[in-house]
Amino acid sequence: MFVDSDTVSEFKSEDGAIHVIERRCKLDIDAPRLLKKIAGVDYVYFVQKNSLNYRERTLHIEAHNETFSNRVIINEHCCYTVHPENEDWTCFEQSASLDIKSFFGFESTVEKIAMKQYTSNIKKGKEIIEYYLRQLEEEGVTFVPRWTPPSIAPSSETSASCKKQAAASAVVPDAALKEGLSSEAPGHPSGVPEPAAGTPDDKLDADYIKRYLGDLTPLQESCLIRLRQWLQETHKGKIPKDEHILRFLRARDFNIDKAREVMCQSLTWRKQHQVDYILDTWNPPQVLQDYYAGGWHHHDKDGRPLYVLRLGQMDTKGLVRALGEEALLRYVLSINEEGLRRCEENTKVFGRPISSWTCLVDLEGLNMRHLWRPGVKALLRIIEVVEANYPETLGRLLILRAPRVFPVLWTLVSPFIDDNTRRKFLIYAGNDYQGPGGLLDYIDREVIPDFLGGECMCEVPEGGLVPKSLYRTAEELENEDLKLWTETIYQSASVFKGAPHEILIQIVDASSVITWDFDVCKGDIVFNIYHSKRSPQPPKKDSLGAHSITSPGGNNVQLIDRAWQLGRDYSMVESPLICKEGESVQGSHVTRWPGFYILQWKFHSMPACAATSLPRVDDVLASLQVSSHKCKVMYYTEVIGSEDFRGSMSSLESSHSGFSQLSAATTSSSQSHSSSMISRTVMRPR
């Protein structure tokens with residue numbers, strides 16, 4: 001709560017274009033009285049600096065705490081700018097950092113209070129912005145001309161209006177003529193610039209939005225179009241549907257940079273684990289079919305698919321002991337993939353966008369057995385994966401018959417659940433779900449399951465204890481977990497400094513096409529393609545550092561003999577391609593001669609310092625760390641006849657191609673470089 005402020009300093013440029021003011025603000029923090037008493041303060045003080053630049057049309061706000069600055073460091077930065085592509089929009093960015101060094105033993109409490117205050121501060125900020133916009137309209141200010149130097153300034157009245165405009169800058173996408181946030185675009189009296197050539201339409205079809213996406217503001221629509229365009233230009237695989245892109249945008253409050261980052265990471269994850277094909281290629285073990293007490297059951301009143309989970313009747317410990325963590329995770333992924341499919345079906349059935357499902361969790365029978373540590377660990381891992389890759393898919397979570405032990409489980413799990421998701425939880429103790437505001441508000445009476453007092457037979461398995469005869473040893477489970485995530489047409493390889501990984505491809509017919517698709521999982525590598533008229537010797541199975549290395553993280557094979565000379569024994573047919581960690585690279589090479597082609601992934605070393613011949617300290621330290629000299633790639637290669645090749649990765653559509661099962665996920669067109677075509681998708685985790 002803002003209490004008071006004093007001006008510390010103020011600066012105005014001679015032409016009035018820049019106005020900087022620094023204030024010391026007094027705030028009342030919503031903290032427990034005991035904590036305030038221990039800290040010995042009733043109020044806290046922050047220093048805020050506002051920098052307004054009329055010429056550049058920007059407003060920067062910086063704030064840091066003065067109280068307890070030796071124990072807690074808080075920094076916040078807000079920035080208002082004009083949208084680079086549409087001058088009728090104002091962009092808003094906000095970031096903050098919190099560093100708690102010590103606070104009387106209440107560090108975790110202070111952190112929670114700070115996060116709570118920050119969240120409420122953002123909400124309140126939006127309310128304040130809207131308040132001042134309405135005030136401007138009430139005063140008749142619907143348009144504010146752009147700032148001009150004093151020599152040609154139209155009047156002092158305009159200057160006063162500009163000051164109000166700065167105070168009311170906001171993330172509001174309505175037209176500038178209404179809100180007074182920016183001037184008209186030059187050459188366009190309406191203030192709306194023409195869309196740039198080559199970009200998608202700056203507006204989606206209204207019927208399409210209503211039918212498949214739901215209500216979108218102009219700014220949200222613009223974010224969707226821009227992110228989709230970026231994916232089309234940079235991502236050479238399958239472009240997600242608008243509904244899926246929209247989920248990531250909503251999960252990040254339509255911050256394009258954040259949504260793009262998590263979406264790229266998710267697309268890489270889906271590709272590596274072939275999640276797109278899990279419903280068609282993976283059959284759940286019989287133990288899951290018999291003892292996993294969950295299943296789909298009709299839909300709720302909003303048309304969302306309804307998933308019923310009888311968690312209290314499920315033997316989580318037995319399932320983990322019998323199957324392992326990875327099998328449970330894969331099963332949950334298959335449930336989420338089925339949920340996406342059902343959402344698409346219900347969208348068609350009900351004629352309105354349905355992008356999420358409802359989950360009903362019955363906790364009757366929940367006890368301390370469910371708090372078994374490995375079981376909770378598996379649950380947290382599943383929540384983490386689902387939160388990262390299926391954002392905004394849970395429309396509502398109904399938790400019924402919560403017992404006394406539930407708060408313990410909730411305390412363990414809730415910190416890992418996103419705030420937006422947590423707000424969708426409705427928790428009922430005992431038989432409260434049968435009263436007003438209960439189950440009937442969300443689910444039609446005729447589909448309430450029989451075990452909850454309804455008349456609809458629910459075919460969800462009843463669960464029960466998993467027989468101990470089905471339990472497996474830790475070693476068996478570890479091997480099974482490894483197998484689950486390596487059931488892929490991709491191969492894994494390790495690349496070491498001084499030990500590249502190489503594969504041999506023999507070409508009989510000239511003009512064949514070598515295609516490749518690989519992901520750089522760790523480190524930076526250089527990708528090369530060589531040709532030789534004679535076959536290299538098979539790799540020797542000898543000690544580490546020789547020609548062949550096998551490790552749990554992937555094999556390492558070297559084919560090019562050290563006695564071979566480049567240009568005499570073999571030749572380079574493609575320019576080296578440097579690939580960074582997190583990148584996905586697809587491409588092809590049209591062979592000119594028969595013979596032997598070697599695809600090589602080589603460790604990428606940073607160029608040495610040219611200023612001195614002496615090694616740097618950092619280089620010496622890095623050379624002592626073996627782990628820093630290891631890279632990892634996952635790859636797939638294939639040779640396709642020229643008659644089946646239809647241009648770079650579009651060859652994956654070929655019925656003769658073993659890649660055909662991936663065609664829907666990775667079909668793309670790429671740049672053509674004479675005899676080769678290479679495309680890459682940059683997906684770098686930050």
Side-chain angles (χ1 to χ4, degrees), residues 207-216 241-244 246-247 250-251 278-280 284 288-289 292-314 331-364 382 386-387 389-402 417 420-428 432-463:
D207 292 337
Y208 169 75
I209 294 176
K210 182 179 179 181
R211 181 74 170 76
Y212 294 100
L213 303 180
D215 295 330
L216 296 178
K241 295 181 179 179
D242 285 346
E243 300 94 303
H244 197 57
L246 202 54
R247 288 187 180 102
R250 283 174 171 152
I278 195 169
L279 294 178
D280 301 323
L288 277 173
Q289 299 180 39
Y292 190 91
W296 294 100
H297 179 78
H298 300 283
H299 56 79
D300 68 3
K301 287 187 175 182
D302 295 321
R304 298 189 185 105
L306 177 63
Y307 189 83
V308 175
L309 180 64
R310 304 186 68 178
L311 184 60
Q313 304 298 315
M314 196 157 64
Y331 190 55
V332 173
L333 296 183
S334 70
I335 293 171
N336 280 271
E337 289 298 305
E338 174 66 17
L340 295 177
R341 188 185 65 79
R342 287 175 178 259
C343 284
E344 291 184 10
E345 290 181 354
N346 286 18
T347 296
K348 297 175 183 177
V349 171
F350 292 98
R352 61 177 184 273
I354 295 172
S355 60
S356 60
W357 52 82
T358 293
C359 186
L360 187 155
V361 181
D362 179 25
L363 295 183
E364 185 180 54
I382 289 170
V386 171
E387 283 278 302
N389 297 284
Y390 299 92
E392 295 298 310
T393 53
L394 181 65
R396 184 179 293 116
L397 180 67
L398 304 169
I399 299 177
L400 311 183
R401 302 198 279 196
I417 302 174
N420 290 334
T421 304
R422 210 181 306 170
R423 283 192 283 270
K424 301 171 184 176
F425 285 31
L426 295 171
I427 303 172
Y428 301 90
D432 292 349
Y433 69 92
Q434 297 176 345
L439 211 53
L440 283 174
D441 284 12
Y442 306 103
I443 301 174
D444 290 326
R445 185 183 299 275
E446 55 269 21
V447 299
I448 292 180
D450 51 347
F451 63 85
L452 292 175
E455 300 178 357
C456 185
M457 290 296 295
C458 184
E459 298 180 358
V460 173
E462 295 184 0

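Not measured: the values here are computed from a predicted model. In what follows, every heavy atom counts, from backbone to side chain, and hydrogens, waters and symmetry copies are set aside.
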Which atom pair, heavy atoms only, marks the closest approach of [X] to [Y]?
{"X": "Gly295", "Y": "Val460", "value": "N-CG2, 3.7 Å"}
{"X": "Ser355", "Y": "Cys343", "value": "C-SG, 3.8 Å"}
{"X": "Leu213", "Y": "Arg250", "value": "O-NH2, 3.3 Å"}
{"X": "Pro391", "Y": "Ala251", "value": "CB-CB, 3.6 Å"}

Pairs satisfying side-chain hydrogen bond (donor to acceptor under 3.5 Å, both in side chains), at least one member in residues 338-350, at least two apart: Lys241-Glu344, Glu338-Arg341, Glu338-Arg342, Arg341-Glu345
Rounded to the nearest 0.5 Å, what separates atom [atom1] in [X] from atom [atom2] in [Y]?
{"X": "Arg304", "Y": "Thr393", "atom1": "CZ", "atom2": "OG1", "value": "11.0 Å"}
{"X": "Glu337", "Y": "Asp280", "atom1": "CD", "atom2": "CG", "value": "10.0 Å"}
{"X": "Cys458", "Y": "His297", "atom1": "SG", "atom2": "NE2", "value": "5.0 Å"}
{"X": "Tyr307", "Y": "Leu360", "atom1": "OH", "atom2": "CG", "value": "11.5 Å"}
{"X": "Asp450", "Y": "Glu455", "atom1": "CG", "atom2": "CD", "value": "10.5 Å"}
{"X": "Leu279", "Y": "Asn336", "atom1": "CG", "atom2": "CG", "value": "10.0 Å"}

Asp215 atom CG, over 12 foreign heavy atoms within 6.0 Å: no
Residues, nucleotides or ligands: over 12 heavy atoms within 6.0 Å of Glu446 CD: yes
Is there side-chain contact between [X] and [Y], with at least one heavy-atom pair below 4.5 Å?
{"X": "Met314", "Y": "Leu309", "result": "yes"}
{"X": "Tyr433", "Y": "Leu426", "result": "no"}
{"X": "Asp362", "Y": "Arg310", "result": "yes"}
{"X": "Glu392", "Y": "Ser356", "result": "no"}
{"X": "Asp302", "Y": "Arg396", "result": "yes"}
{"X": "Ile448", "Y": "Cys456", "result": "no"}
{"X": "Cys359", "Y": "Leu397", "result": "yes"}
{"X": "Asp300", "Y": "Leu398", "result": "no"}

Verdict with reasoning, Tyr428 to Gln434, per side-chain hydrogen bond (donor to acceptor under 3.5 Å, both in side chains): CA-CA 9 Å; Tyr428 301 90; Gln434 297 176 345; over 6 Å; no
Among residues at least two apart in sequence or on other chains, which ones pass ring-ring contact (aromatic ring centres under 6.0 Å, His included) with [X]?
{"X": "Tyr442", "result": "none"}
{"X": "Tyr212", "result": "Tyr208"}
{"X": "Tyr292", "result": "Tyr331"}
{"X": "Phe451", "result": "none"}

Passing candidate, side chain to side chain contact (heavy atoms under 4.5 Å, CB included) with Pro305, options Ile354, Thr358, Leu340: Ile354
Polar side-chain atom of Gln289 near backbone of Pro284 as donor-acceptor pair, under 3.5 Å: yes
Results of side-chain contact (heavy atoms from CB on, under 4.5 Å) for Lys301 - residues two or more places apart only: Asp444
